[in-house]
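Right, one structure below, let's go through it.
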Amino acid sequence: MAIRKIITYPQDEETLRKVSKPVTEFDDRLAVLLADLKDTMHHAQGAGLSAIQVGVLKRVCVVDVGKRHLEFINPKIIKQSGVNRIKEEGCLSVPNVWEIVKRPNKITVEFYDRNGVFHTENYSGYEAKAICHECDHMDGILFIDRVEKK
Ligand code: NI
């Protein structure tokens, strides 16, 4: 386990804008990546971290909004409802920027776990918001792209 370097906007925008690739091998390298993402997220006191943020172009992220540790591999949001603007959003790759972003309040996510087992789960509130934010990273989208114009 190790703390990896988090890349940041705007210096590393070229990488942050890339679309990450699906994971096909659920092996030891994936387990190491997940452990490193967890350590790096906690070290930086973030609520979530995607692999692209440490320069790895894989559809992998971790989320921990203070409730429990979640891991997502190849996540896909298949259903969303409600509106959640309750909290200002930030990103470890966009330092010192906090903005209100409109997100769904409830989502249904399909994903794989580290063992390659498929899951469908529901999430709400801050967890739903964080998962949406991390899924965006996998498609090269940053939260500053979604800030509502005043
Ligand atoms: Ni982020």
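Order of appearance sets the numbers: ligands from 1, and atoms from 1 within every ligand. Hydrogens, waters and symmetry mates are skipped; everything else that's a heavy atom, side chains included, is used.
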Fit a plane to each ring of F26 and Y112, take the angle between them on a 0 to 90° scale, and name the class: parallel (under 30°), tilted (30 to 60°) or perpendicular (over 60°).
tilted

Nearest heavy-atom neighbours spanning E134 and C61:
CB-SG, 3.7 Å

Under a 4.5 Å cut-off applied to non-hydrogen side-chain atoms, are R146 and I141 in contact?
yes

According to the interplanar angle, ranging from 0 to 90°, do the rings of Y123 and F111 count as parallel (below 30°), tilted (30 to 60°) or perpendicular (above 60°)?
tilted

Protein-derived N, O or S atoms lying less than 2.8 Å from the Ni ion (ligand 1), waters not counted, sum to 3

Shared ILVMFWY cluster between I6 and L142, side chains joined below 4.5 angstrom?
no

By side-chain contact (heavy atoms from CB on, under 4.5 Å) - contacts of T120 (at least two apart):
I78, T108, E110, F118

